[in-house]
Amino acid sequence: MINITFPDGNIRQYESGTSALDIAKSISMGLANKVLVAKVNGEVRDLMRPIDTDASLELLTWDSEDGKKTYWHSSAHLLAEALEALYPGTKFGIGPAIDAGFYYDVDMGEKSLSTNDFAKIEEKMLELARKKSQYTRKEVSKADAIQYFTEKGDEYKLELLEGLNDGDITFYTQGDFTDLCRGPHIPNTEGIKAIKLMKVAGAYWRGDESRKQMTRIYGITFPKAQDLKDHLTMIEEALKRDHRKLGQELELFMFSEKVGAGLPIWLPRGTALRSRLEDFLKKEQIKRGYQPVITPHIANKKLYETSGHWAKYGADSFQPIQTPREGEVFLLKPMNCPHHCEIYGHRPRSYKELPLRIAEFGTVYRYEQAGELHGLTRVRGFTQDDAHLFCTPDQLESEFIGVVELTTYVLKKMGFENYTAQISLRHQTDRSKYIGSEELWEQAENAIIEATKKIGLKTTIEYDEAAFYGPKLDFMVKDALGRSWQLGTVQVDYNLPNRFELEYIGADNQPHRPVMIHRAPFGSMERFIGVLTEHCAGKFPLWMTPDQVAILPISDRFSDYANGVLDQLAEHDIRGFVDERAEKIGRKIRDTELKRVPFMLIVGEKEVAEGRISVRKQGGGDKEEDKGKGDMGSMTIAEFVAYFKNLIQ
RNA sequence: GCCAGUGUAGCUCAGAGGUAGAGCAGCUGAUUUGUAAUCAGCUGGUCGGGGGUUCGACUCCCUCCACUGGCUCCA
């Protein structure tokens with residue numbers, strides 16, 4: 001007999017060799033029907049596998065992350081089975097579960113798959129699912145595995161096998177499809193009821209651009225049709241928050257083919273918003289001892305030869321600017337740091353003036369690949385809220401911590417709670433992409449790791465995400481569709497001070513090399529505002545929103561009174577406009593709601609007579625159930641100003 | 001840059017080998033209005049650019065550009 005411990009601490013005895021599914025059945029048939037996979041001593045395993053030692057057991061259903069992942073991974077196998085049935089000769093790469101669904105990378109030879117083929121594949125998958133095929137696990141020797149895939153002619157699986165040890169190899173079979181797979185899987189295909197293929201994409205084999213591009217098919221499945229429906233509705237809702245859509249509707253920014261791809265143009269309302277963010281940070285930086293500077297948008301090529309940017313990115317950048325003078329070459333500024341290094345180095349520096357913090361809202365230009373451009377979040381010309389801190393090695397930690405605190409403060413002030421602080425380190429083995437000595441890199445990496453530990457910042461570690469001159473601490477935030485973007489960044493750099501031969505005279509009267517911190521709390525104004533827009537669905541925090549109030553006269557007889565109200569509010573730094581159109585009040589309210597103006601002040605006969613305003617708060621959006629919820633009744637102007645000020649703090 | 005898709009009026013979209021349509025927006029007029037769309041009339045498009053096939057192309061083919069979703073990249 002074996003002792004099985006359940007998550008609630010309960011212990012029950014079973015015969016050795018009992019499967020998790022049997023155990024589930026012993027508890028209730030309802031559970032047995034729902035359970036997808038088991039967690040045995042912390043390891044996720046097939047339900048059918050016998051348990052032969054004392055163990056802790058968790059029975060995972062659709063409600064758990066691991067349950068969903070297993071279900072989706074099994075769905076990927078079902079997709080593969082369907083593809084093999086419909087397109088014989090298809091070769092298979094990998095087919096994992098992802099955050100929402102799964103994909104399979106396949107090589108279909110000459111066949112070019114498009115979304116038009118989806119219906120047919122989905123139908124096939126459903127047909128196969130209804131056969132209730134078991135997912136059966138089989139341990140195979142490496143030799144047998146190689147033989148199987150050699151006969152099948154699947155070179156991708158053979159390549160995957162190369163990386164596996166004999167004795168460690170398992171096959172899973174459901175229906176007519178057998179796959180090399182570690183598992184685990186759900187018991188059978190019966191529970192896969194709702195299937196939707198989402199998109200096709202090219203994906204390089206093993207993520208390597210130099211290798212074959214395979215066809216990646218994304219899909220998602222659910223146990224109930226309603227779940228799929230809800231999922232699709234959720235995506236639709238998310239698309240309404242897309243900053244590209246809202247940016248157009250709210251007239252924040254635009255693009256023009258004539259100006260060029262990836263070059264955002266800020267409209268008046270967007271500029272107002274952006275300026276407010278800039279002013280906020282500028283003020284904060286002054287408080288914290290930063291000195292604003294301004295540097296030009298182009299610089300001599302020599303500057304970037306010194307910094308290393310020319311060697312690293314020159315060929316893939318906007319190409320050099322020639323002048324009438326032969327041999328004279330300028331580049332559009334891709335980064336501000338070389339300029340700031342020049343500022344540091346323009347005269348001898350004493351340890352007494354360190355840390356030196358110089359800040360610039362610096363606009364930079366990078367030739368991002370055409371397929372990469374994306375609204376405001378990936379552009380070719382953007383403004384970094386950049387600063388460079390030059391300090392002694394002793395000051396590094398406290399400066400670093402100060403910068404992290406500023407960044408988290410800014411994020412909080414903007415209403416971002418769900419960000420990840422990611423330590424971006426070098427590639428674990430390939431060191432060819434970086435400049436600088438091993439020793440300096442280690443120093444920089446340790447500095448980041450130690451400092452974040454010290455302030456108790458929760459971090460994740462990602463390899464192969466460092467800048468070419470140093471490691472980074474990146475603040476990652478997700479957009480409406482769950483895509484992750486880097487906003488704020490803090491980077492410790494020992495390399496550029498070397499390349500620019502920066503020095504300070506220490507207390508010992510000897511020259512020393514400063515350490516440099518690059519940092520940008522927003523990251524770039526463009527990306528930040530893009531992601532911010534999606535987070536608040538266009539309803540920006542009151543203090544930064546372009547128009548805070550709209551004054552809506554019931555008819556033009558009350559225009560004078562309305563304008564008087566506007567003037568009075570302006571005296572209290574409350575900004576807005578009067579809607580003097582000859583429209584009904586319902587119309588004015590609707591238009592104002594769509595513009596996401598936080599407050600509507602309605603004035604008519606009654607208000608004029610009493611010297612008051614009727615206040616309506618912006619509703620929850622264009623939804624029926626949110627309508628009519630915002631009426632706050634009547635106030636005096638002074639009451640409204642007090643209420644408003646209190647909201648802003 | 002690569003794979004797949006899209007491109008019709010300012011916006012959202014319909015249409016289609018015989019020369020383009022709706023709603024909203026805009027303009028004009030009427031309406032003076034009480035918490036999410038007042039009514040009427042009018043204007044508006046070399047159907048993304050270029051090339052080809054055809055008696056005829058917005059429609060079919062090629063190519064370029066832009067955009068969308070991924071991949072790779074991201075100082």
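So you know, we letter chains A, B, ... as the sequences are listed, proteins then strands, and number each from 1. On a predicted model such as this, the values are computed, not experimentally measured, just so you know.
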| said: Is the ring pair A:His388/A:His340 parallel, tilted or perpendicular, if the boundaries are 30 and 60 degrees? | reply: perpendicular
| task | Please determine if a side-chain N or O atom of A:Arg366 lies less than 4.0 Å away from the OP1 or OP2 oxygen of B:C74. | result | no
| said: Taking ring pair (Phe, Tyr, Trp, His ring centres under 6.0 Å) as the definition, give me every residue that meets it alongside A:Trp441, ordered by chain and number, with sequence neighbours left out. | reply: A:Tyr434
| field | Span that lies between the C1' atom of B:U6 and that of B:U12, in whole angstrom | value | 15 Å
| For A:Lys91, all residues meeting side-chain hydrogen bond (donor to acceptor under 3.5 Å, both in side chains), sequence neighbours excluded | A:Glu155
| note | Residue pairs passing the salt bridge (charged side-chain N to carboxylate O under 4.0 Å, His left out) test with at least one member in residues 473-485 of chain A, sequence neighbours excluded, are A:Lys472-A:Asp474, A:Asp479-A:Arg483
| query | Is A:Glu257 side chain donor-acceptor paired with the B:G7 base, going by distance under 3.5 Å alone? | reply | no
| field | Residues within residues 547-564 of chain A bordering RNA chain B, heavy-atom distance below 4.0 Å | value | A:Ile554, A:Ser555, A:Asp556, A:Arg557
| said: Once you apply a heavy-atom cut-off of 4.0 Å, does A:Gly207 come out as touching a base, just sugar-phosphate, or nothing? | reply: sugar-phosphate
| request: Ignoring hydrogens and angles, answer whether the base of B:C74 and the side-chain atoms of A:Arg378 contain a donor-acceptor pair closer than 3.5 Å. | output: yes
| query | Between A:Tyr104 and A:Phe92, does the ring centre distance come in under 6.0 Å? | reply | yes
| request: Respond yes when some side-chain nitrogen or oxygen of A:Arg483 is under 4.0 Å from OP1 or OP2 of B:G70, and no when none is. | output: yes
| Length of the line joining A:Arg380:CZ and B:G1:C1', which is rounded to integer Å | 11 Å
| task | Please work out which of the three classes, parallel, tilted or perpendicular, describes the rings of A:Trp485 and A:His374, given edges at 30° and 60°. | result | tilted
| query | Expressed as a whole number of Å, how far does the C1' atom of B:U33 sit from that of B:G48? | reply | 44 Å
| A:Phe253 vs A:Phe255 aromatic rings, parallel, tilted or perpendicular, using cut-offs 30° and 60°? | perpendicular
| Starting at CD of A:Glu583 and ending at C1' of B:A36, how long is that distance when rounded to a whole Å? | 13 Å
| Residue among A:Arg269, A:Arg596, A:Lys595 satisfying side-chain hydrogen bond (donor to acceptor under 3.5 Å, both in side chains) with A:Asp547 | A:Arg269
| task | Choose from B:C71, B:A36, B:G69 the nucleotide whose nearest atom is closest to any side-chain atom of A:Arg590. | result | B:A36
| message | Whether A:Arg616 contacts B:A36 is assessed here as follows: a side-chain N or O lying under 4.0 Å from the phosphate OP1 or OP2. Is that the case? | response | yes
| field | Of the listed nucleotides B:C11, B:U35, B:C71, the one nearest the side chain of A:Gln248 | value | B:C11
| task | Measure the distance from CG on A:Leu239 to P on B:U12 and round it to the nearest whole Å. | result | 13 Å
| said: Please confirm whether the shortest side-chain N or O distance from A:Gln618 to OP1 or OP2 of B:A36 is below 4.0 Å. | reply: no
| task | Could you tell me whether A:Arg616 sits above the aromatic face of A:Phe599, with NZ or CZ closer than 6.0 angstrom to the six-membered ring centre and within 45 degrees of the axis? | result | no
| said: Using a 4.0 Å heavy-atom cut-off, does A:Glu605 contact any base of the nucleic acid, only the sugar-phosphate backbone, or nothing at all? | reply: base
| B:U46 and B:U59: how far apart are their C1' atoms, nearest whole angstrom? | 16 Å
| request: Look at all strands and tell whether A:Tyr218 reaches a base, only sugar-phosphate, or nothing, counting heavy atoms closer than 4.0 Å. | output: sugar-phosphate
| query | Heavy-atom contacts under 4.0 Å between residues 113-123 of chain A and RNA chain B, which residues? | reply | A:Leu113, A:Ser114
| query | Does A:Arg587 have a side-chain nitrogen or oxygen under 4.0 Å from the phosphate oxygens OP1 or OP2 of B:A25? | reply | yes
| query | From B:G34, B:U38, B:G1, pick the nucleotide closest to the side chain of A:Glu209? | reply | B:G1
| task | Would you kindly check if the NZ (Lys) or CZ (Arg) of A:Arg211 is within the cone defined by 45 degrees around the ring axis of A:Tyr204 and under 6.0 Å from the six-membered ring centre? | result | no
| field | Residue whose nearest RNA chain B nucleotide is more 5′ - A:Ser112 or A:Lys472 | value | A:Ser112
| remark: Pairs under 3.5 Å (Watson-Crick or G-U), crossing ones as [ ], inter-strand ones as |: RNA chain B comes out as (((((((..((((....[..)))).(((((.......))))).....(((((..]....))))))))))))....
| request: With heavy atoms under 4.0 Å as the rule, sort A:Ile585 into base, sugar-phosphate or nothing. | output: sugar-phosphate
| Phosphate-side-chain proximity, A:Arg581 and B:U33, N/O vs OP1/OP2 below 4.0 Å | no
| request: Please determine if a side-chain N or O atom of A:His374 lies less than 4.0 Å away from the OP1 or OP2 oxygen of B:G69. | output: yes
| Ring centroid separation A:Phe382 to A:Tyr365 under 6.0 Å | no
| B:A66 versus B:A30 - spacing of their C1' atoms, nearest Å | 43 Å
| note | Separation between CZ (A:Arg366) and CZ (A:Phe318), nearest 0.5 Å, reads 11.5 Å
| Sugar-phosphate, base or nothing in reach of A:Lys199, heavy atoms under 4.0 Å | sugar-phosphate
| task | Assign the ring pair A:Phe222 / A:His231 to parallel, tilted or perpendicular, where the plane angle (0 to 90°) is split at 30° and 60°. | result | tilted
| Heavy-atom count around A:Gln319 CD within 6.0 Å, excluding the residue itself: above 12? | yes
